Amino acid sequence: MRKVNKYYGTFHALRDVDLDIPPGKVTCLIGPSGSGKSTLLRCLNFLEDYDSGEVRIDDQLIGYETPGGRRMSARRLREMRRDIGMVFQQFNLWPHMTALQNVAEGLERVRGFSRPEAEVRAREALAKVGLADKEANHPSRLSGGQQQRVAIARAIAMQPRIMLFDEPTSALDPELVGEVLGVMKQLASEGMTMVVVTHEMGFAAHVADRVVFMERGEIVAVGSPREVFHDA
Ligand code: ADP
Ligand code: ADP
């Protein structure tokens with residue numbers, strides 16, 4: 001991100017944000033509520049349109065045809081977002097589908113796999129998050145932690161180049177947080193590029209390669225966990 005600014009009406013939510021996200025690493029965004037973490041994350045896949053500056057993944061500009069120019073077509077935006085997995089605080093699973101169907105659906109519809117091929121890949125993704133034995137369960141028959149792991153499986157099954165997590169454990173009962181962080185930690189150890197908005201300081205301190213501390217729409221500290229937490 002280069003000099004990114006975002007306004008909600010007159011409220012200045014992101015102020016000249018410059019940020020590099022290292023590939024193959026975990027970047028954690030931390031800071032007080034309302035400091036702009038989620039806004040920053042959502043600018044990365046243009047769920048939020050920024051007002052000025054540039055967001056690029058590799059060399060590809062996100063959201064606009066040219067810096068400050070016209071918005072991308074919805075079609076180009078969809079193509080671009082195929083490479084970006086996103087996991088939200090709310091799990092957003094389809095309640096009428098099983099865990100397997102939830103994961104297979106996008107593989108079939110977006111990636112164009114045949115149903116059998118989509119299911120093979122969906123099973124692999126579910127196994128990866130430790131839910132091989134729950135594929136036939138509907139979300140109502142899964143714990144919150146299991147539902148969030150299905151949501152992660154759904155995102156990683158698409159083989160994204162980068163994964164964005166927006167407070168993925170905030171809606172969970174405390175005893176279920178660890179299983180979701182554990183899956184994220186495993187993904188990190190496999191070299192997935194991850195950007196994580198979180199209040200889990202243990203995760204930021206122990207799993208992040210880089211910690212970004214935000215306040216009032218600005219990045220006020222960035223560095224290794226040691227650097228950022230030592231200065232804080
Ligand atoms: P954080 O993720 O750090 O809690 P957010 O990025 O969600 O912060 O929000 C940053 C600021 O922008 C907050 O003050 C919030 O109230 C405001 N904000 C977020 N979304 C909107 C919106 N859609 N309309 C108006 N203000 C918003
Ligand atoms: P602290 O209480 O010291 O802040 P945490 O309880 O958050 O530490 O956890 C310490 C580290 O272990 C963090 O990196 C966290 O992500 C990781 N962790 C916590 N629970 C699990 C789990 N069940 N499986 C794998 N890693 C976990």
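Both counts, for ligands and for their atoms, begin at 1 and track the order of listing. Nothing fancy with the numbering, it's 1 onward along the sequence. Worth saying up front: this structure is predicted, and the values here are computed from it rather than measured.
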- Item | Sub-4.0 Å heavy-atom contact, G31 with ligand 1 |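 Contact check G31 vs ligand 1: negative.
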In terms of side-chain geometry, is the basic nitrogen of [X] or [Y] positioned less than 4.0 Å from the acidic oxygen of its partner?
{"X": "R115", "Y": "E108", "result": "yes"}
{"X": "R154", "Y": "E105", "result": "no"}
{"X": "R2", "Y": "D20", "result": "yes"}

Subset of ligand 1 atoms that lie under 4.0 Å from at least one heavy atom of [X]:
{"X": "T39", "answer": "5 (P), 6 (O), 9 (O)"}
{"X": "P32", "answer": "3 (O)"}
{"X": "S35", "answer": "1 (P), 3 (O), 8 (O)"}

- Considering all protein heavy atoms, does one lie under 4.0 Å from atom 16 (O) of ligand 1?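 No, there is no protein heavy atom closer to it than 4.0 Å.
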- Task: Check whether any protein heavy atom sits under 4.0 Å from atom 22 (C) of ligand 1.
- Result: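 Answer yes: something from the protein, a heavy atom, is under 4.0 Å.
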Looking at [atom], what's its closest protein heavy atom, distance included?
{"atom": "atom 3 (O) of ligand 1", "result": "K37 NZ, 2.8 Å"}
{"atom": "atom 8 (O) of ligand 1", "result": "G36 N, 3.2 Å"}
{"atom": "atom 4 (O) of ligand 1", "result": "G34 N, 2.7 Å"}

- Please step through side-chain hydrogen bond (donor to acceptor under 3.5 Å, both in side chains) for the pair Y8 and T39, ending with a clear verdict. CA-CA 10 Å; Y8 293 111; T39 300; 2.8 Å; yes
- Task: With atom 24 (N) of ligand 1 as the reference point, say which of Y7, F11, Y8 has the nearest heavy atom.
- Result: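 Closest candidate by heavy-atom distance is Y8.
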- Query: Is there a ring-ring contact (aromatic ring centres under 6.0 Å, His included) between Y64 and F46 once you walk through the steps?
  - Reply: CA-CA 9 Å; Y64 297 99; F46 213 65; 5.2 Å; yes
- Query: Backbone or side chain, does any N or O of A13 fall under 3.5 Å from an N or O of ligand 1?
  - Reply: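 No, since none of the N or O atoms of A13 sits under 3.5 Å from an N or O of ligand 1.
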- Backbone or side chain, does any N or O of S38 fall under 3.5 Å from an N or O of ligand 1?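 Such a contact does occur with ligand 1.
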Does a side-chain heavy-atom distance below 4.5 Å link [X] with [Y]?
{"X": "M1", "Y": "L44", "result": "yes"}
{"X": "T193", "Y": "I21", "result": "yes"}
{"X": "R210", "Y": "K25", "result": "no"}

